[in-house]
2 protein chains.
Amino acid sequence: MKKIRIAIAGYGNLGRGVELAVRQNEDLELVGVFTRRDPSQVKLLTEGVEVWSVNDAASKADKADVLIICGGSATDLPTQTPEFAKYFNVIDSFDTHARIPEHFANVDKAARDADHIAFISLGWDPGLFSLNRLYAESILPNGKSYTFWGKGVSQGHSDAIRRVKGVKRGIQYTCPIEAAMDAVRSGSQPELSTREKHTRLCYVVAEEGADKAAIEAEIKGMKNYFDQYDTTVNFITEEEFERDHTKMPHGGFVMRSGLTGDGEKTHQMIEYSLKLESNPEFTASVLCCYARAMARLYAEGQRGCRTAFDVAPAYLSPLSGEELRAQML
Amino acid sequence: MKKIRIAIAGYGNLGRGVELAVRQNEDLELVGVFTRRDPSQVKLLTEGVEVWSVNDAASKADKADVLIICGGSATDLPTQTPEFAKYFNVIDSFDTHARIPEHFANVDKAARDADHIAFISLGWDPGLFSLNRLYAESILPNGKSYTFWGKGVSQGHSDAIRRVKGVKRGIQYTCPIEAAMDAVRSGSQPELSTREKHTRLCYVVAEEGADKAAIEAEIKGMKNYFDQYDTTVNFITEEEFERDHTKMPHGGFVMRSGLTGDGEKTHQMIEYSLKLESNPEFTASVLCCYARAMARLYAEGQRGCRTAFDVAPAYLSPLSGEELRAQML
């Protein structure tokens with residue numbers, strides 16, 4: 001069997017996660033990693049894999065079947081994904097929901113112009129959570145959907161904490177409110193405000209002599225980030241921070257509460273949840289099985305941009321249709 | 001907009017569920033119901049819909065875009081689905097897992113010979129649960145999958161109870177064992193025996209003067225049905241039975257516990273669950289959104305047999321790709 005050749009662009013937490021996830025899939029092999037750093041300074045976990053400069057993308061175009069782009073959504077992916085799509089079939093995890101239509105249009109044009117296929121916005125949200133919203137809403141048209149996140153680390157909110165004066169280290173956990181989830185599960189289809197759905201839990205290591213009360217007040221009042229939530233700020237030592245708060249757990253819940261039957265009085269409840277010890281490693285695992293799907297769809301002649309919505313589930317599995325029907329249906 | 005014309009074959013609980021689910025989808029309309037009974041004796045819930053004899057299938061071939069076959073898996077569907085596929089694009093909910101490959105082959109041949117498309121084994125298990133097994137196993141290749149059913153009514157086990165001498169009415173609920181589910185959720189990937197996963201809870205109305213101890217012993221010892229489970233038999237009055245046990249709730253859980261990362265030590269957990277007040281109404285809702293997908297795939301020229309694995313999620317929704325990306329991704 002000829003393996004699907006995977007390349008990675010960007011070697012941070014997500015890139016390293018993809019490197020490790022590729023190892024778990026026998027039909028995939030990692031061939032190279034693009035970096036913006038000096039390639040000679042990047043040490044991979046895998047022997048024999050090349051490190052390339054992002055400036056050399058054109059000359060590496062025939063080296064990989066699929067390039068998984070592991071940059072950030074704010075500034076990297078809007079330019080990187082269309083640019084790399086000139087040379088590769090590309091996958092990204094673009095997660096700025098409001099800008100997806102624009103990103104899709106840019107990537108679609110770049111991919112079509114270069115006769116490539118591209119998948120955007122893969123991972124778990126957007127990605128698996130989006131799929132579950134779509135399946136559940138298609139099945140239960142009369143209903144209400146809810147997404148809860150956590151308990152997990154929000155990078156954006158953690159970054160915001162760290163910008164507060166006097167904060168040496170900081171991390172923020174988004175926590176779903178159990179009572180709200182139970183209200184949804186009851187079938188009552190509650191209207192839930194932002195404050196009623198999640199709390200925000202912060203752990204802060206303060207600088208020597210910093211004004212803790214001022215730090216706490218500034219965090220809690222931060223517009224958009226914290227002011228609409230019940231926020232708890234805990235001050236801890238650097239040792240405690242190192243010991244308990246250097247992982248990147250996350251997860252969440254997608255629920256749909258619907259009504260069916262005569263008079264639409266029968267309650268039906270669909271719930272999907274993830275509990276992840278490592279957000280980037282899990283996202284990487286999602287990207288890898290979509291790389292398999294991409295190689296197959298490309299071989300079938302598909303071109304242009306796609307999302308998780310457009311990929312039939314069977315393409316994700318290494319098993320044949322016959323095996324899937326016998327073992328998994 | 002031209003509506004997708006739906007016909008139903010078989011007007012039992014599932015057929016009535018489809019009739020009601022069609023009403024919840026503006027782009028679908030019910031045009032006719034096939035019955036094995038005398039059509040003049042079948043009273044539908046919907047005005048203006050025709051009732052046809054199953055013997056007249058050939059003459060109704062141009063009346064519907066999709067026929068949803070609502071027969072039983074044991075004896076009806078193995079013959080009905082290939083037969084109806086001569087005249088219609090067909091969907092069934094064939095759920096005898098072990099016989100799916102054979103049924104697929106038969107339906108595929110019949111559909112291809114008649115230039116039709118067919119979907120088999122749709123609903124929630126097989127169906128949505130199968131999809132979740134496939135997605136989760138593709139994402140987390142190093143892991144273990146679990147399916148728990150219930151709490152819900154098993155028709156097969158209820159039928160078995162009712163065959164016991166002295167039983168006037170009987171119903172059986174399959175109950176997942178919470179401790180087993182929690183063990184799975186812990187990430188320990190336990191090996192679970194049949195007895196450790198589910199219990200069986202029976203409610204029986206005994207005939208006047210029947211030997212209750214004998215009934216209980218016979219139920220608990222029934223090979224394959226009950227002998228491998230911890231079974232509880234409760235005797236109740238006919239009034240209690242009427243009041244509390246005439247609905248068909250069901251549901252269940254699909255879980256995958258996987259490991260990722262360096263050394264494969266990071267726990268990742270995916271869980272999907274359904275809590276259904278009515279099993280047939282929910283199954284009907286699943287069938288209806290696949291009817292929409294079927295009409296689209298047929299228009300694109302697809303022919304032959306498919307399962308849920310082969311249908312890209314976007315086909316299920318009434319929304320356009322653009323709307324889906326903007327609203328649901």
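Chain letters run A, B, ... following the sequence lines, proteins first and then strands; every chain starts at 1.
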Q: Tell me, out of B/Ser278, B/Ala326, B/Gly258, B/Ala284, who's got the most heavy-atom pairs with chain A below 4.5 Å.
A: B/Ser278
Q.
Tell me whether B/Glu26 at atom CD has more than 12 heavy atoms from other residues, nucleotides or ligands lying less than 6.0 Å away.
A. no
Q | Pick from A/Arg133, A/Arg256, A/Glu322 with the largest number of heavy-atom pairs that fall under 4.5 Å of chain B | A | A/Arg133
Q. So what's closer than 4.5 Å to chain A heavy atoms on B/Ala21: side chain, backbone, both or neither?
A. neither
Q) So which heavy atom on B/Pro313 is nearest to which on A/Pro313, and how close? A) CD-CD, 4.4 Å
(Q) Keeping B/Arg325 on the side-chain end and A/Phe104 on the backbone end, is there a donor-acceptor pair under 3.5 Å? (A) no
(Q) Quick check on the interface: out of B/Gly127, B/Ala98, B/Gly261, B/Ser121, who has the most heavy-atom pairs with chain A under 4.5 Å? (A) B/Gly261
Q) Based on non-hydrogen pairs under 4.5 Å, which of B/Leu45, B/Asn25, B/Asn132 is most in contact with chain A? A) B/Asn25
**Q.** Nearest atoms (heavy-atom pairs only) where B/Ile270 meets A/Tyr272
**A.** CG2-OH, 3.5 Å
Q. Of the backbone (N, CA, C, O) and the side chain (C-beta and beyond), which part of B/Arg185 lies under 4.5 Å from a heavy atom of chain A, both, or neither?
A. backbone
Q | chain A contact via B/Leu20 - side chain, backbone, both or neither, heavy atoms under 4.5 Å | A | side chain
Q: Using non-hydrogen atoms and a 4.5 Å limit, figure out which bit of B/His97 sits close to chain A: side chain, backbone, both or neither.
A: side chain
Q.
So, taking the atom named CG in A/Leu131 and the one named OH in B/Tyr135, what distance separates them when rounded to the nearest 0.5 Å?
A. 4.5 Å
Q) Using non-hydrogen atoms only, which part of B/Gln327 is less than 4.5 Å away from chain A: side chain, backbone, both, or neither? A) neither
Q.
If I compare all heavy atoms of A/Ile139 with all of B/Cys289, which pair ends up nearest, and what's the gap?
A. CG1-SG, 3.7 Å
Q | Under 4.5 Å from any heavy atom of chain A - which part of B/Tyr290 | A | side chain
Q. In terms of heavy-atom proximity below 4.5 Å to chain A, should B/Thr266 be classed as side chain, backbone, both, or neither?
A. both
Q. Top residue by heavy-atom pair count (under 4.5 Å) with chain B, among A/Leu276, A/Leu329, A/Ile100?
A. A/Leu329
Q | Residue pair A/Asn142 / B/Gln24: nearest heavy atoms and the distance that separates them | A | CB-NE2, 3.6 Å
(Q) Quick check for you: among B/Leu287, B/Ile120, B/Asp262, which has the greatest number of heavy-atom pairs under 4.5 Å with chain A? (A) B/Asp262
Q) Roughly how far, to the nearest 0.5 Å, is the CZ atom of B/Phe309 from the OG atom of A/Ser317? A) 8.5 Å
Q) How close do A/Ser130 and B/Met328 get, heavy atom to heavy atom, and via which atoms? A) CB-O, 3.4 Å
Q | Best-contacting candidate, B/Ser285, B/Cys288, B/Pro126, against chain A by heavy atom pairs under 4.5 angstrom | A | B/Ser285
Q. From B/His267 NE2 over to A/Phe282 CZ, what is the distance, rounded to the nearest 0.5 angstrom?
A. 14.5 Å
(Q) Taking side chain as everything from C-beta outward and backbone as N, CA, C, O, which of these in A/Leu134 sits under 4.5 Å from a heavy atom of chain B? Side chain, backbone, both or neither. (A) both
(Q) Just so I understand: if I count every heavy-atom pair under 4.5 Å between each of B/Leu274, B/Asp125, B/Val254, B/Leu128 and chain A, which residue has the most? (A) B/Leu274
Q.
Heavy-atom cut-off 4.5 Å, strictly under: side chain, backbone, both or neither for B/Asp95 against chain A?
A. neither
(Q) Quick check on the interface: out of A/Ala308, A/Gly17, A/Ala312, who has the most heavy-atom pairs with chain B under 4.5 Å? (A) A/Ala312
Q: Supply the atom-to-atom distance B/Tyr315 OH to A/Ser138 OG, rounded to the nearest 0.5 angstrom.
A: 14.0 Å
(Q) Please classify the contact between B/Leu259 and chain A as side chain, backbone, both or neither, with a heavy-atom cut-off of under 4.5 Å. (A) backbone
Q.
Quick one about A/Ser273 and B/Glu271 (side-chain donor to acceptor, distance below 3.5 Å, no hydrogens or angles considered), yes or no?
A. no
Q) Can you say whether B/Val286 sits under 4.5 Å from chain A via the side chain, the backbone, both, or neither, judging by heavy atoms? A) both
Q: Would you mind checking which part of B/Glu19 comes under 4.5 Å of any heavy atom in chain A, side chain (CB onward), backbone (N, CA, C, O), both or neither?
A: neither
Q) Any side-chain donor-acceptor pair under 3.5 Å between A/Gln268 and B/Glu277? A) no
Q.
Looking at every heavy atom in both B/Glu281 and A/Thr260, which two are closest together, and how far apart are they?
A. OE1-OG1, 2.8 Å
Q. Which bit of A/Thr307 comes within less than 4.5 Å of chain B, counting heavy atoms only: side chain, backbone, both or neither?
A. side chain
